[in-house]
Amino acid sequence: MQVAVALVLSAYCATSWAWGSEAHQLVARIAQDKLTTTAQQEVQKLLDLELGSTLQSISTWADETRNPATAAWHYVNLPKGDCNYVPERDCPDGKCVVEAINRQIGVLKTDADPLRRLHALKYVVHLIGDVHQPLHAGWGEDRGGNSYQLQAFMRGSNLHAFWDSGMIRYYKEQDSNWSQTIVQQASTETIKPWAALQAAEESCGIVRQVTFYPPRTVGSDYAEQYRATLSQRLSMAGSRLAQVLNGVWP
């Protein structure tokens, strides 16, 4: 069992940037199922600018095209122990995930060039997923867990990578229907109005939990402890993404 799980996690030893592709695609899949007819039509008009594009296929574009100018859009660093988002302190020049989400939603609501609005859609789909990954609103001192090295099932990794993809792969090894269960959970989920800063502070609150940082050797006990939390963040991200897109095209 240990060997099998080690193989599953072997791809996640390097520093990770965001939810893994499976997580982002799952968020997009949830959102797609919850779009209104009008929002579906308007989203499809933008997707048709690139033949064969879907919400799921564009969900990782922001990582694939990441560059020095946009790298900081994917996270926000907070002082250790303080989950109150202060724009002037935590998002200088608007370069963080909170303000990036707000800006790109603003572009979607305009009559800007369709290609620019498609790019905004790609960012919104991706960054709303990012802000719901707890360590994308974690402590600056360890770079959102990227510098917190650990052994995950006998493999070298870091806490950020373990949350991005390692635990998800573990859950899918344990339950082949894990993704579908989250989709079903989201289908009945009622989402209240929300803001990007709220999602960031929620993520930070998870990171601030006493048990969030595990011992340097971590295994199934930790993964099981946070199974419900991770599932809820993915489900909520998808439902909130749908709410945002439905609001752009009421």
- Message: Determine whether the aromatic ring centres of residues His24 and His126 are separated by less than 6.0 angstrom.
- Response: yes
Which atom pair, heavy atoms only, marks the closest approach of [X] to [Y]?
{"X": "Gly94", "Y": "Glu99", "value": "O-CB, 3.5 Å"}
{"X": "Val244", "Y": "Val124", "value": "CG1-CG1, 4.3 Å"}
{"X": "Leu115", "Y": "Leu49", "value": "N-CD1, 4.0 Å"}
{"X": "Ser147", "Y": "Arg143", "value": "OG-NH1, 3.4 Å"}
{"X": "Ser203", "Y": "Val131", "value": "OG-O, 2.7 Å"}
{"X": "Leu241", "Y": "Ala28", "value": "CD2-CA, 4.5 Å"}

- Evaluate the ring planes of Phe212 and Tyr222, with Trp represented by its six-membered ring, and classify them as parallel (under 30°), tilted (30 to 60°) or perpendicular (over 60°). perpendicular
Got a donor-acceptor contact below 3.5 angstrom from the [X] side chain to the [Y] backbone?
{"X": "Arg29", "Y": "Gln56", "result": "no"}
{"X": "Asp82", "Y": "Pro79", "result": "no"}
{"X": "Asn158", "Y": "Ala161", "result": "yes"}
{"X": "Ser239", "Y": "Ser235", "result": "yes"}
{"X": "His136", "Y": "His132", "result": "no"}
{"X": "Asp90", "Y": "Tyr85", "result": "no"}
{"X": "Gln149", "Y": "Asn146", "result": "yes"}

- What's the verdict on side chain to side chain contact (heavy atoms under 4.5 Å, CB included) for Leu108 and Leu46, showing C-alpha distance, side-chain angles and the deciding distance? CA-CA 10 Å; Leu108 271 183; Leu46 295 178; 4.0 Å; yes
Could you state whether [X] and [Y] fall into the same hydrophobic cluster, counting links through intermediate Ile, Leu, Val, Met, Phe, Trp or Tyr residues with side-chain heavy atoms under 4.5 angstrom apart?
{"X": "Val86", "Y": "Tyr75", "value": "no"}
{"X": "Ile191", "Y": "Leu55", "value": "yes"}
{"X": "Val107", "Y": "Ile101", "value": "no"}
{"X": "Tyr213", "Y": "Phe153", "value": "yes"}

Euclidean distance, [Y] [atom2] relative to [X] [atom1], rounded to 0.5 Å:
{"X": "Leu245", "Y": "Glu42", "atom1": "CG", "atom2": "CD", "answer": "11.5 Å"}
{"X": "Ile58", "Y": "Leu121", "atom1": "CD1", "atom2": "CG", "answer": "4.0 Å"}
{"X": "Asn77", "Y": "Arg89", "atom1": "CG", "atom2": "CZ", "answer": "11.0 Å"}
{"X": "Met236", "Y": "Ile128", "atom1": "CE", "atom2": "CD1", "answer": "13.0 Å"}
{"X": "Thr229", "Y": "Leu234", "atom1": "OG1", "atom2": "CG", "answer": "11.0 Å"}
{"X": "Asn177", "Y": "Lys172", "atom1": "CG", "atom2": "NZ", "answer": "10.5 Å"}

- Under a 4.0 Å N-O cut-off, is there an ion pair linking Arg66 with Asp63? yes
- Item | Asp175 with Arg227: basic N within carboxylate O range, under 4.0 Å | no
- Test log, rule side chain to side chain contact (heavy atoms under 4.5 Å, CB included), inputs His160 and Gln133: CA-CA 9 Å; His160 193 116; Gln133 205 274 47; 3.7 Å; yes
For the residue pair [Y] / [X], report whether a side-chain donor-acceptor contact shorter than 3.5 Å exists.
{"X": "Glu224", "Y": "Ser220", "value": "no"}
{"X": "Thr211", "Y": "Gln225", "value": "yes"}
{"X": "Glu202", "Y": "Gln198", "value": "yes"}

- Message: Given the ring of Trp163, does Arg233 sit roughly above its face, with NZ or CZ under 6.0 Å from the centre of the six-membered ring and within 45° of the axis?
- Response: no
- Message: Tell me whether the NZ or CZ atom of Arg216 lies within the 45° cone about the ring axis of Tyr148 and under 6.0 Å from its centre.
- Response: yes
Are [X] and [Y] side-chain neighbours, meaning at least one heavy-atom pair lies under 4.5 Å?
{"X": "Trp61", "Y": "His119", "result": "yes"}
{"X": "Glu22", "Y": "Ser165", "result": "no"}
{"X": "Glu201", "Y": "Leu197", "result": "yes"}
{"X": "Tyr123", "Y": "Thr70", "result": "yes"}
{"X": "Arg208", "Y": "Leu78", "result": "no"}
{"X": "Val248", "Y": "Val43", "result": "no"}
{"X": "Trp249", "Y": "Lys45", "result": "no"}
{"X": "Leu159", "Y": "Val218", "result": "no"}

- Query: Can you list every disulfide bond (SG atoms under 2.5 Å apart) pair that touches residues 110-193, not counting sequence neighbours?
  - Reply: none
- Considering residues, nucleotides and ligands other than Arg116, do more than 12 of their heavy atoms fall under 6.0 Å from its CZ? no
- Report the C-alpha distance between Ser231 and Gln185 in whole Å, list the side-chain angles of each, state the deciding distance to 0.1 Å, and finish with yes or no for side-chain hydrogen bond (donor to acceptor under 3.5 Å, both in side chains). CA-CA 9 Å; Ser231 298; Gln185 172 184 325; 5.5 Å; no
